[in-house]
Amino acid sequence: MQPRNESIGHAPGYLVARMSVRVRYAPSPTGSPHVGNIRDALFKHLFAKHTGGTNILRIEDTDRTRYVPGCEEEIVESLQWIGVEYQEGFGIGGDCGPYRQSERKEAGIYAKWVQVLLESGHAYKAFDTSQELEEMREFQKINKQPIGYYGGLWRDASGVQVEEAERAGKPAVIRLKIPRGKTIVIEDFIRGRLEFDSDTVDDPVLIKADGMPTYHFAAMVDDHLMDITHIMRGEEWISSAPKHAWLFDAYGWEKPVFVHCPVIKGKDGSKLSKRHGDTRCLDYRAAGYLPEALANFIALIGWSPGGDRELMTMDELCEAFSLEGLQPSPGVFDLDKLRWMNGHYIRATEAPELVSKVREYAQAGEYKPYFEKEDHASPETIAALELLAGGFKSTPDIAGEAVRLEQERVTTLADFGEACAFFLQEEPPFDPKAVEKWFGQPHVPALIDHLIAALDGRSAITHDECETLVKEYAASAGMEKLGPAVHPTRVALTGKTVGPGLWDLMAVLGPAKMIQRLTRAKAMLG
RNA sequence: GGUCCGGUCGUCUAGCGGUUAGGAUGCCGCCCUUUCACGGCGGAGGUCGCGGGUUCGAAUCCCGUCCGGACUACCA
């Protein structure tokens with residue numbers, strides 16, 4: 001690996017630390033932002049924050065055919081949810097606007113700059129039809145030649161030929177004329193010096209036949225015009241980096257530092273995609289993940305603060321972030337670890353705040369479409385969450401207490417539904433195994449009678465009183481351990497063998513509900 | 001096919017010429033305890049992809065090789 005000297009990066013002919021860092025997150029609105037996209041955005045946010053620089057949001061909507069309405073809103077919402085900030089750009093403005101490329105196209109920016117290239121001979125018009133292009137690739141394939149556009153008829157066409165084609169009204173694209181027989185060098189912050197034989201780089205389209213610029217052109221022109229100091233992007237862009245570098249050279253512009261970040265992979269090692277499960281950023285919100293957990297988790301894929309640090313707040317991430325900590329190799333998205341981390345953040349949240357988060361989560365209802373989806377359909381989860389949402393309305397105190405008591409044993413917000421259900425259900429179902437294990441013992445009817453009698457006539461009961469009550473019975477029955485008293489009581493009250501401390505849950509349930517459930521249990525005993 | 005990038009426990013990673021290769025997650029066990037969980041402690045799990053060099057000494061430097069991935073659009 002190459003030495004990386006300064007935290008902002010340096011190389012001859014490249015922008016250096018003299019100006020403040022400017023980075024951009026430039027998504028194209030062609031679908032929901034997924035965790036990989038958002039991780040990239042997060043890196044930029046962390047870098048900008050760490051260096052006191054500027055993060056910019058730019059919308060790259062140069063492909064009209066793939067535009068998905070509503071996408072821009074979701075991009076903004078995703079960033080906001082996870083805590084990625086930007087100081088300039090789409091939706092907030094700035095000195096380098098507009099920040100949507102379709103608007104920049106309307107403003108004539110790309111037409112103007114491509115003209116410069118045309119005039120200097122660095123770009124040319126090509127009139128190939130799509131069919132001709134296809135045939136060319138077919139030919140290259142059959143003859144085992146490198147596939148790509150290395151000139152064809154038009155790279156060195158005479159002015160006469162071009163005029164003729166134009167007069168005939170043939171549609172044209174404008175391509176960049178990549179020099180031949182040259183070595184194009186890219187300084188990548190993470191990987192060091194990258195060299196490309198220009199003969200293996202084909203001539204990219206700059207302006208499409210419909211007049212729209214391609215990514216190769218628009219992104220680079222905008223990066224220059226917006227004074228971007230570091231082109232941070234996924235490593236899938238490395239192969240086209242020489243085109244971009246050459247574009248800067250053709251203009252005589254100073255190049256930004258390239259930072260090709262490792263991508264996030266799925267379990268099978270390929271780039272993260274739908275078949276790896278959830279990839280949409282906001283699906284994690286719907287599934288009950290906390291944004292601070294997701295942010296912390298994805299920040300650690302492809303980046304490390306060094307040493308053993310792992311659990312970090314957004315502020316700590318900003319403080320610790322540096323380009324040196326970026327890894328060259330891709331990482332796998334490990335849901336198990338995310339789950340652990342989410343559980344940690346749930347436990348780290350102050351109870352009152354957690355209660356309101358769970359309430360908002362249950363009431364927002366975003367979980368419903370999520371848990372209806374084929375691959376992780378869970379009608380039980382939906383029902384339990386709906387019950388919880390109702391509980392927050394009708395008996396907010398009980399719902400709130402239930403959340404507090406279950407805080408220690410859930411990993412997602414969604415888990416609260418089923419965990420809290422027995423508090424709110426009129427008649428919580430009995431787990432057959434629990435019944436079989438604890439209701440068969442001879443002392444159980446007497447235990448239940450004892451409890452009912454002691455509870456009768458009371459309007460409330462405290463944690464300590466519940467403890468005394470059960471312990472008294474155990475002592476009177478000559479029990480050496482509490483188990484035989486505690487477990488059947490728990491089953492009678494909750495239907496389950498697992499859950500919060502018995503005294504805690506008894507106090508929350510209150511005498512009336514307990515008597516009702518105890519009576520029901522007794523009836524069941526026969 | 002071509003070009004390029006990558007390779008440390010299953011996974012995320014620390015490491016930047018000298019370490020018993022460290023941590024985390026997941027898994028297993030013990031402790032705590034009224035259950036589950038949390039928490040604490042401990043364990044299994046890596047011949048640092050492989051083969052050559054350089055060096056007194058290599059996970060760390062060099063070369064080769066294998067495997068994986070990305071790109072190869074008038075998509076980004």
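Residue numbers start from 1 in every chain, and the chains themselves are labelled A, B, ... in the order their sequence lines are given, proteins ahead of strands. Computed from a predicted model, the values in this text were never measured in an experiment.
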Can you check the distance between [N] and [M], where both ends of the measurement are the [atom1] atom (answer in whole Å)?
| N | M | atom1 | answer |
| --- | --- | --- | --- |
| B:C4 | B:C12 | C1' | 25 Å |
| B:U3 | B:A73 | P | 16 Å |
| B:A44 | B:G53 | P | 34 Å |
| B:A24 | B:C56 | C1' | 36 Å |
| B:U47 | B:C9 | C1' | 13 Å |
| B:A21 | B:G46 | P | 14 Å |
| B:G18 | B:U33 | C1' | 48 Å |
| B:C61 | B:U55 | C1' | 10 Å |

Counting only side-chain heavy atoms from C-beta out, which of [options] sits nearest to [X]?
| X | options | answer |
| --- | --- | --- |
| A:H487 | B:U34, B:A76, B:C5 | B:U34 |
| A:V173 | B:U34, B:C74, B:A76 | B:C74 |
| A:E235 | B:C5, B:A76, B:C12 | B:C5 |
| A:L502 | B:A24, B:G26, B:U34 | B:U34 |
| A:S239 | B:A70, B:U25, B:C36 | B:A70 |
| A:V498 | B:C36, B:U11, B:G7 | B:C36 |
| A:I238 | B:C4, B:C12, B:A37 | B:C4 |
| A:S329 | B:G2, B:C74, B:G6 | B:G6 |
| A:D63 | B:G1, B:C38, B:A76 | B:A76 |
| A:Q327 | B:U13, B:G2, B:A76 | B:U13 |

Nearest 0.5 angstrom please: [X] [atom1] to [Y] [atom2], how far?
| X | Y | atom1 | atom2 | answer |
| --- | --- | --- | --- | --- |
| A:F430 | A:R517 | CZ | CZ | 9.0 Å |
| A:K481 | A:H487 | NZ | NE2 | 9.5 Å |
| A:K255 | A:F248 | NZ | CZ | 8.5 Å |
| A:R58 | A:R104 | CZ | CZ | 7.0 Å |
| A:D336 | A:M341 | CG | CE | 13.0 Å |
| A:F189 | A:L326 | CZ | CG | 8.5 Å |

Write down the distance between [atom1] ([X]) and [atom2] ([N]), rounded to a whole number of angstrom.
| X | N | atom1 | atom2 | value |
| --- | --- | --- | --- | --- |
| A:D203 | B:U72 | CG | P | 16 Å |
| A:M341 | B:G26 | CE | P | 11 Å |
| A:R233 | B:C5 | CZ | C1' | 14 Å |
| A:L326 | B:C5 | CG | P | 17 Å |
| A:E408 | B:U35 | CD | P | 16 Å |
| A:I184 | B:U3 | CD1 | C1' | 12 Å |
| A:K141 | B:A73 | NZ | P | 10 Å |
| A:R58 | B:A76 | CZ | P | 12 Å |

With sugar-phosphate meaning primed atoms plus P, OP1 and OP2, does [X] contact a base, only sugar-phosphate, or nothing at under 4.0 Å between heavy atoms?
| X | result |
| --- | --- |
| A:L300 | sugar-phosphate |
| A:F196 | sugar-phosphate |
| A:G269 | sugar-phosphate |
| A:N143 | nothing |
| A:R137 | sugar-phosphate |
| A:G302 | sugar-phosphate |
| A:G331 | sugar-phosphate |
| A:P171 | nothing |

**OP:** Tell whether A:R66 reaches the base of B:C75 with its side chain through a donor-acceptor pair below 3.5 angstrom.
**Re:** yes
Original post:
Per the atom types in the model, does the base of B:C36 pair as donor or acceptor with the side chain of A:R409 at under 3.5 Å?
Top reply: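 Flag set: donor-acceptor pair detected.
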Give a yes/no answer on whether the side chain of [X] brings an N or O atom under 4.0 Å of OP1 or OP2 in [N].
| X | N | result |
| --- | --- | --- |
| A:K243 | B:A73 | no |
| A:R309 | B:G23 | no |
| A:T214 | B:A76 | no |
| A:K208 | B:C75 | yes |
| A:R193 | B:C4 | no |
| A:R175 | B:C74 | yes |
| A:K271 | B:C71 | yes |
| A:Q140 | B:U72 | no |
| A:S304 | B:A14 | yes |

Subject >> Exercise: do A:E195 and A:T183 side chains pair donor with acceptor under 3.5 Å >> reply: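 No.
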Subject >> Any donor-acceptor N or O pair under 3.5 Å, side chains A:D268, A:H276 >> reply: yes
Subject >> Polar side-chain atom of A:D431 near backbone of A:G495 as donor-acceptor pair, under 3.5 Å >> reply: no
Watson-Crick/G-U partner (both atom distances under 3.5 Å) of [N]:
| N | answer |
| --- | --- |
| B:G39 | B:C31 |
| B:U47 | none |
| B:A59 | none |
| B:C4 | B:G69 |

Original post:
Is the centre of the A:W237 ring less than 6.0 Å from the centre of the A:Y215 ring?
Top reply: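 Yes; A:Y215 has its ring centre under 6.0 Å from that of A:W237.
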Original post:
Taking for each residue the nucleotide of RNA chain B bearing the nearest heavy atom, is the 5' side occupied by A:W303 or by A:V486?
Top reply: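 By nearest-heavy-atom nucleotide position, the 5'-most residue is A:W303.
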Original post:
So which one's nearest nucleotide on RNA chain B is more toward 5', A:L338 or A:Y150?
Top reply: A:Y150
